[in-house]
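Contents: one structure, followed by commentary.
Lettering of chains follows the sequences in order, A, B, ..., and the numbering in each one begins at 1. It should be emphasised that the depicted structure is a prediction, and the values quoted were computed from it without experimental measurement.
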Number of protein chains: 2
Amino acid sequence: MKLTNKKQNRKNLKFAILATDVVIFSIRENILNVLLIEINIPPYYKNIYGVPGGLILPEETAEDSVYGHMKNKAGIKNIDIEQLYTFSSVDRDPRGRVVSVAYFGLTTTVETSSSAKVYWKDVKKLPKLAYDHKGIIKKALERLKAKVGYTTIIKGLLPKEFTLSDLQTAYEVVLNKKFDKRNFRKKMLSFGFLKTAGAKQTGVANRPADLYKFSVGSTQTFDIFRS
Amino acid sequence: MKLTNKKQNRKNLKFAILATDVVIFSIRENILNVLLIEINIPPYYKNIYGVPGGLILPEETAEDSVYGHMKNKAGIKNIDIEQLYTFSSVDRDPRGRVVSVAYFGLTTTVETSSSAKVYWKDVKKLPKLAYDHKGIIKKALERLKAKVGYTTIIKGLLPKEFTLSDLQTAYEVVLNKKFDKRNFRKKMLSFGFLKTAGAKQTGVANRPADLYKFSVGSTQTFDIFRS
DNA sequence: GCAAAAGTGTTCTTTATACACCCATGT
DNA sequence: ACATGGGTGTATAAAGAACACTTTTGC
């Protein structure tokens, strides 16, 4: 962090533009989806998509910036995000040096009330993407898979109240792996981070399931799944 | 990552200076130490220490930058580092906006062949530090503790060949926790990431221990310690 | 021969896995 | 009455934890 103290040099040190990008995951129809947004930067990019993002302003932290861009460009607010990685390849933006601090977040909010072209896409069937966004999504997915194994982060993919089957499906979709129903339930309830919501499902054409909610506020660490 | 395409605006977007900081850990006399370097930025900082770091240059990635600063300022080279977190608080540097991409690394190289004032310090007895470096070290330590539990990262704290007692001590020092010798050895050998080096300790005033080395090159994930 | 760390097995407890049937509701 | 997903227990296997003595070397 040492930098020269000569004021006349400071201008030359400000060579890079700072940006943020955010990978937002959501489960739709039992498939893990990522939020994409149209990128239109002629002559470099047209008819192409990428993850939402944008500039960091002088008076903002990276995190402030992400919240603003999520809201303005994708209509997504009130979701928890966490820092993923900072991408600093010299040529990652065709217009010049742009260093991006990437974040990732989870949501159940499927509505994307925004004027921009925004859509959800199966993470396994991504189209060609702008910039290094494919690599950013790949890294976010790795992080998500790792974190569901030792934290309660899965909470972000579920509504406030959910059934144990919903919870199981969420894990199965993220980890791409099936679990035994009885063992799954035993294990989940043993952790103590769930409590019954005191109600049952309604309007289903089968026996209604008990509803549960998380009894912990923020993401906590547990030993959830090992492999 | 969308940014305005108007060239005349791009200069105003370059408001921040980019820097890297690196937290280097090493075990010395059964204590986890961190490498500190004198920070001298009058009138803001004098007689104060912090972790090594410095500017990112226009043609460098953050990672390139860290390797350069580690070598030039602390005389440390040939160590593996990984990205830790990007610190972007607006006021973290008294001279203006500096966004720092922080890294952390492990080493056994205790010699710090450098002209700058560089020294190793017990992570539990840190003095007052410049900038937000105390927070950076705290985050690095959390990451290190987490990663020894599910990767072979501990390798970075050990010489090429080491005894099982050395390995146990390394885990104990990092996790601040004692292990049972027999159970520890059984478990470590069961993973298969160790192999005998075919030699024994020499010059010790007790029964010489077998030497081992890691049979894996880079850091790999295993289920090493749960709690 | 003594001090110092190395090396080594067994028992018990806890956790994980495999597995199949009846239940409550909507249509 | 039937189709659909909900809800439950037990037996076996695997992993983790607790625990003490003999061995090899330098001095």
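- Across the protein-nucleic acid pair, A/Phe184 atom CZ and C/dC19 atom C1' stand 18 Å apart, rounded to whole Å.
- Closest-nucleotide positions on DNA chain D for A/Asn183 and A/Gln201 were compared, and the one nearer the 5' end corresponds to A/Gln201.
- Screening A/Val148, A/Ile224, A/Val174 against A/Ile153 for a side chain to side chain contact (heavy atoms under 4.5 Å, CB included) leaves a single residue, A/Val148.
- Spacing between atom CG of A/Leu167 and atom C1' of D/dG6 amounts to 15 Å, rounded to whole angstrom units.
- For B/Ala209, counting side-chain heavy atoms from C-beta on, the closest listed nucleotide (D/dG5, C/dA6, D/dG16) is C/dA6.
- Residue whose closest nucleotide on DNA chain C sits further toward the 5' end, between A/Arg207 and B/Asn206: B/Asn206.
- Phosphate proximity of D/dG16 to B/Lys187: present, with a side-chain N or O under 4.0 Å from OP1 or OP2.
- Using a 4.0 Å heavy-atom distance criterion, A/Asp180 is classed as a base contact.
- Among D/dG16, D/dG7, D/dA20, the nucleotide with an atom closest to any side-chain atom of B/Arg182 is D/dA20.
- Here the side chain of A/Thr221 pairs no donor or acceptor atom with the backbone of A/Tyr150 at under 3.5 angstrom.
- Picking from C/dA6, D/dG26, D/dG6 the nucleotide with the shortest atom distance to the side chain of B/Ala205 gives D/dG26.
- Taking only side-chain nitrogens and oxygens, B/Ser165 never comes nearer than 4.0 Å to OP1 or OP2 of C/dA5.
- Where B/Lys200 and A/Lys200 meet DNA chain D, the nucleotide closest to each residue was compared, and A/Lys200 sits on the side nearer the 5' end.
- Side chain of B/Arg185, nearest nucleotide from C/dG9, C/dG26, C/dG7: C/dG7.
- Judged by distance alone, the side chains of A/Asp64 and A/Thr61 do bring a donor and an acceptor atom under 3.5 Å apart.
- Of the listed residues (B/Asn78, B/Thr20, B/Leu35, B/Ile81), just one forms a side chain to side chain contact (heavy atoms under 4.5 Å, CB included) with B/Met70, and that residue is B/Ile81.
- Rounded to an integer number of Å, the gap from A/Met188 CE to C/dT15 P is 15 Å.
- Whole-Å rounding puts the A/Ile224 CD1 to C/dA16 P distance at 12 Å.
- Of all nucleotides listed (C/dA6, D/dT24, C/dC23), C/dA6 comes nearest to the side chain of B/Lys181.
- Here D/dG6 presents its C1' atom at 12 Å from CG of A/Leu211, a figure rounded to the nearest Å.
- Regarding A/Asp210, its CG atom lies at a distance of 14 Å from the C1' atom of C/dT25, rounded to whole Å.
- A/Tyr45 places a side-chain N or O within 3.5 Å of a backbone atom of A/Tyr131 that can act as its donor or acceptor partner.
- A straight line from CG of B/Asp223 to P of C/dT15 spans 15 Å, rounded to a whole angstrom.
- Here D/dG6 presents its P atom at 12 Å from OH of A/Tyr212, a figure rounded to the nearest Å.
- Residue-to-nucleotide contacts include a donor-acceptor pair under 3.5 Å from the side chain of B/Lys186 to the base of C/dT10.
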